Amino acid sequence: MLEINKIRLNKENVIELLGVKNFKDADQKINTLIDLDEKKRQVQKQLEDIKADLNVKAKEIGKFMMQGEKDLAEKTKQEVAALKENSKDLEKELSEKEKEIEELLLSIPNLPHSSVPKGKTAEDNIVELMEGEIPKLWEGATPHWDLCAKYDIVDFELGNKITGSGFPVYKGKGAKLQRALINFFLDEATKNGFDEVQPPLMVNEASAMATGQLPDKEGQMYAIPLDGFYMIPTAEVPLTNIYRDTILQEKDFPIKKCGYSQCFRREAGSYGKDVRGLNRLHQFDKVEIVCIAHPDKSYEQLEKMKQHVMGILSKLELPYRILRLCGGDMSFTSALTFDFETYSAAQERWLEVSSVSNFETFQSNRLKLRFKNQEGKTQLAHTLNGSALALPRIVASLLENNQTPQGIRIPKALVPYTGFEIID
RNA sequence: GGAGAGAUGGGUGAGUGGCUGAAACCAACAGUUUGCUAAACUGUCGUACCUAUAACGGGUACCGGGGGUUCGAAUCCCCCUCUCUCCGCCA
């Protein structure tokens, strides 16, 4: 959520930046917002003046009572009653205005960083870097879903039976590979200074609200209405919420956390080749990295997080590319996002395996995640996060790219974790 | 699931209707003293919003959350949430 004060101060700039994100009716919405805000403050002032008066009179009554001046006390009480009538209307108006402002603010996305390219769709993203060679496959090479069946390592049918589509069962070396990747990712993150955390897989409404899953993305999450919980769509939610309602010291920065979790997404409306095999699941595994940084240093941290992801992809010997997302393709909450995609050779397409973003103060505003700056004032911190990494598409790429007539070769860095060098 | 107790500022913890935005202690921060450290002493020490401005100024709200009683509520009443203890169940 954007800060109303900043909008008030930089109105023109805000409207322009929202344009980069292709936000509709930015001009009109921001103007309404500012009008509402103006009115709200006016009403608030009036109301508070009355309340101040009320407080003074209440004290007077106390004094009169003690001094036994009943008449004066009664007279003051009547004055109070009159004032109270006035304040009721103002009170109502104030809370209405506040609600309207809140709703409007919630509907406005984060402002893009100045380096975000204009654009509408994924087509307009900028390829920043491409690393590794696209493998040439042998004639008998097949997409990963066939390989999963051939080696009996991921069973989609079985998952259908137990739960439904998008909940595969990993078997044998497939299960072991999952475990190996999780451990590998966590170890790598820990080496790079991210503290390991094992978070809850369900969160309450306040947490989902604070990181921005609610209210607008409600349909994306599995809900447990009986208890008011939501299955997490990413570990970002619990990891970032560790710091909800927190005031940090400058010396605490940067805070770096990593955590493995299973992620649950309803993915309503997805279809076709995008969802085939491991490309898109309702339940999947992911190691997430989160950073809470000083506003002056957050882009430095973003760069470090990028480096971290690059490092693990290289160790996995996967060809990948980095995209700088354009305004139109960026998430609602992000100020700057880099997507990582690995090449999946049999499908002949790039698969998104990580997304690293700086949210600046957009999340921390709702989280009330602040720090005391050098002047001793509280100020919003910056939050960042990224996947490092999401498993299924990594597995898809590994299986497809490393397939040989003899079986699927495991990259060297992973062998100590899997305990085997080949899936056959 | 049953019974009971509780929720106050960074922590411990006082406070049962007005003098309490909140004692005291601890921690923290700044300073004095000091050869250094320690100790001692002095001061500062919640958050948000509004307003103001020459100003370290003024106001409102907040003692788990929501509602109520009252001229006035941390304090009384109602509802909710959470925590703890005991019992039951259980990986």
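Note on naming: letters A, B, ... go to the chains in the order of the sequence lines (proteins, then strands), and numbering restarts at 1 for each one. Since the structure is predicted, the reported quantities are computational estimates derived from the model, not experimental observations.
- When A:Arg265, A:His282, A:Arg266 are each tested for a side-chain hydrogen bond (donor to acceptor under 3.5 Å, both in side chains) with A:Tyr222, only one passes: A:His282.
- In terms of modelled atom types and a separation under 3.5 Å, the side chain of A:Asn373 and the main chain of A:Lys377 share a donor-acceptor contact.
- At the heavy-atom level, A:Asn55 lies under 4.0 Å from the strands shown only through sugar-phosphate atoms.
- Among the protein residues, A:Lys77 comes within range of the nucleic acid bases, having at least one heavy atom under 4.0 Å from a base atom.
- The same atom, P, is picked in B:U81 and in B:C41; the two are 49 Å apart, to the nearest Å.
- B:A48 and B:G10: their P atoms are spaced 11 Å apart (whole Å).
- For B:C79 and B:C56, the P atoms lie 48 Å apart once the distance is rounded to whole Å.
- Remark: the A:Tyr299 side chain and the A:Glu360 side chain contain an N/O donor-acceptor pair separated by less than 3.5 Å.
- Under the 3.5 Å distance criterion, with hydrogens and angles disregarded, no donor-acceptor pair is assigned to the side chains of A:Lys256 and A:Asn192.
- Contact check on A:Glu91 versus A:Lys51 returns a salt bridge, with a Lys/Arg side-chain nitrogen under 4.0 Å from an Asp/Glu carboxylate oxygen.
- Comparing B:A74 with B:A61, their C1' atoms sit 14 Å apart, to the nearest whole Å.
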As a check on the pairing definition, encode RNA chain B in dot-bracket form, counting Watson-Crick and G-U wobble pairs whose two distances are under 3.5 Å, and using | for partners outside this strand. ((((((((.[[[..)..(.....]]].(((((.......))))).((((((.....)))))).[[[[[..)....]]]]])))))))....
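- The residue A:Leu47 sits apart from the nucleic acid: no heavy atom pair falls under 4.0 Å.
- Among the atoms of the strands shown, none is found under 4.0 Å from any heavy atom of A:Lys368.
- Annotation: B:G13 and B:A23 have their C1' atoms spaced 10 Å apart (nearest Å).
- Side chains of A:Glu400 and A:His144: a donor-acceptor N/O pair is present below 3.5 angstrom, by distance only.
- Nucleotides of RNA chain B nearest to A:Lys57 and A:Thr378 differ in position, and the one nearer the 5' end is that of A:Thr378.
- To the nearest whole angstrom, the two P atoms, one in B:G64 and one in B:A73, are 16 Å apart.
- Side chains of A:Arg276 and A:Asn279: no donor on one and acceptor on the other come within 3.5 Å.
- Atom name C1', nucleotides B:U75 and B:G17: the rounded distance is 7 Å, in whole Å.
- When each of A:Asp53 and A:Lys40 is assigned the nucleotide of RNA chain B with its nearest heavy atom, A:Lys40 is the one assigned upstream, toward the 5' end.
- Every residue was checked against the ring pair (Phe, Tyr, Trp, His ring centres under 6.0 Å) condition with A:Tyr151, not counting sequence neighbours, and none meets it.
- Taking the 5' to 3' direction, RNA chain B first and last meets chain A under 4.0 angstrom from a heavy atom at B:G18 to B:G72.
- Between A:Ser331 and A:Ser334, the side chains place no donor N or O within less than 3.5 Å of an acceptor N or O (distance only, hydrogens not considered).
- Distance check on atom P: B:U33 versus B:A27 gives 23 Å, rounded to whole Å.
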